[in-house]
Amino acid sequence: LMSLIFAYLLIGMQKRLEQYGVNSTIALVLTYSFFLLIGIALIVWLGPLVYQQLQSLILEIPKWVNASMIFIQNIPQKYPDLVSSDQITAFLQSLSGQITDISQNLLQASIAGIQNTATIAINLILFPILVFFFLFDCLAMNSLKLSTPSVLYINCNASKYFLSWL
């Protein structure tokens with residue numbers, strides 16, 4: 001569905017290039033090249049940023065846990081009337097049990113993450129291919145009005161409306 005939306009929005013650029021006198025095939029290639037260039041630039045730019053942020057998050061979690069443990073252990077000394085050391089000990093034992101459960105769930109999620117990584121990789125390959133075919137077959141898809149659902153119709157001229165706002 002996303003590839004259909006991107007193709008729909010890129011048709012306006014293709015039609016605008018054709019209005020400037022560029023051949024329709026060359027306009028298609030230029031439009032698709034622009035789409036690929038922007039997509040690759042976003043992946044190259046955002047990929048390392050996301051990796052760096054995740055890495056710093058993972059490195060900071062133990063520091064946060066240690067700081068919270070020190071804070072919790074100091075509560076009975078600061079507020080002896082409110083909290084006893086036995087309550088803190090019971091709380092820390094309960095917390096360690098919950099951390100064990102969380103680590104087991106994290107292991108299960110990391111195993112499921114392998115499937116998600118494969119899905120993302122496949123989508124990164126299929127998405128540009130689908131956008132290309134939706135761009136290339138715009139007129140052919142509109143001629144199949146009787147055999148395709150109305151959701152799939154691409155109005156090749158409607159994208160001019162979007163470009164008029166720019």
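Everything numeric here is computed off the predicted structure, so don't read it as measured data.
Taking every heavy atom of both residues into account, Ile125 and Pro128 meet most closely at O-CD, 3.4 Å. Pairing each heavy atom of Ile88 with each of Gln73, the nearest pair is CG2-CA, 4.5 Å. Looking at every heavy atom in both residues, Ile43 comes nearest to Pro48 through O-CD, 4.0 Å.
Following chains of ILVMFWY side-chain contacts shorter than 4.5 Å, one can reach Phe71 starting from Trp64, so the two form part of one hydrophobic cluster. Placement of Val50 and Ile58 in two distinct hydrophobic clusters is found when ILVMFWY residues are connected by side-chain heavy-atom separations under 4.5 Å, directly or transitively. Residues Ile75 and Val65 share a single hydrophobic cluster, defined by chaining ILVMFWY side chains whose heavy atoms lie under 4.5 Å apart. In terms of hydrophobic clustering, with Ile, Leu, Val, Met, Phe, Trp and Tyr side chains grouped at heavy-atom distances under 4.5 Å, Ile61 and Ile72 are assigned to a common cluster. When hydrophobic clusters are built by joining Ile, Leu, Val, Met, Phe, Trp and Tyr residues whose side-chain heavy atoms come closer than 4.5 Å, directly or via intermediates, Ile129 is grouped together with Leu28.
No side-chain donor-acceptor contact under 3.5 Å links Tyr51 to the backbone of Leu46. One N or O on the side chain of Gln87 and one on the backbone of Ser84 form a donor-acceptor pair closer than 3.5 Å. Without hydrogens or angle criteria, Ser33 side chain to Val29 main chain gives a donor-acceptor distance under 3.5 Å.
Looking at Leu30 and Gln14, their side chains never come closer than 4.5 Å, going by heavy atoms from C-beta outward. Looking only at side-chain heavy atoms (C-beta outward), Leu36 and Val131 stay at 4.5 Å or farther from each other. Between Leu130 and Phe133, every side-chain heavy-atom pair lies at or beyond the 4.5 Å cut-off. Inter-residue side-chain proximity for Asn123 and Phe127 is flagged as unmet; no heavy-atom pair is nearer than 4.5 Å.
Sorted by first then second residue, the salt bridge (Lys or Arg N to Asp or Glu O under 4.0 Å) pairs that include residues 55-77, not counting sequence neighbours, are Glu60-Lys63.
Aromatic pair Phe132/Phe35: ring centres not closer than 6.0 Å.
Ile26 contributes atom CD1, which lies 11.0 Å from atom CD of Glu18 (distance to the nearest 0.5 angstrom). Going from atom CZ of Phe91 over to atom CG of Asp86 covers 15.0 Å, rounded to the nearest 0.5 Å. Put simply, CD1 on Ile11 and CZ on Phe6 are 13.5 Å apart, with the number rounded to the nearest 0.5 Å. The structure places CD1 of Ile99 at 9.0 Å from CG of Leu92, a figure rounded to the nearest 0.5 Å. Rounding to the nearest 0.5 Å gives a distance of 6.0 Å between CE of Met69 and CG of Leu95. Here the straight-line distance linking atom CD1 of Ile38 with atom CG of Leu10 works out to 10.0 Å at 0.5 Å rounding.
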(message) Evaluate Arg16 against Met13 for side-chain contact (heavy atoms from CB on, under 4.5 Å), listing each step before the verdict.
(response) CA-CA 5 Å; Arg16 179 70 58 100; Met13 181 178 170; 5.6 Å; no
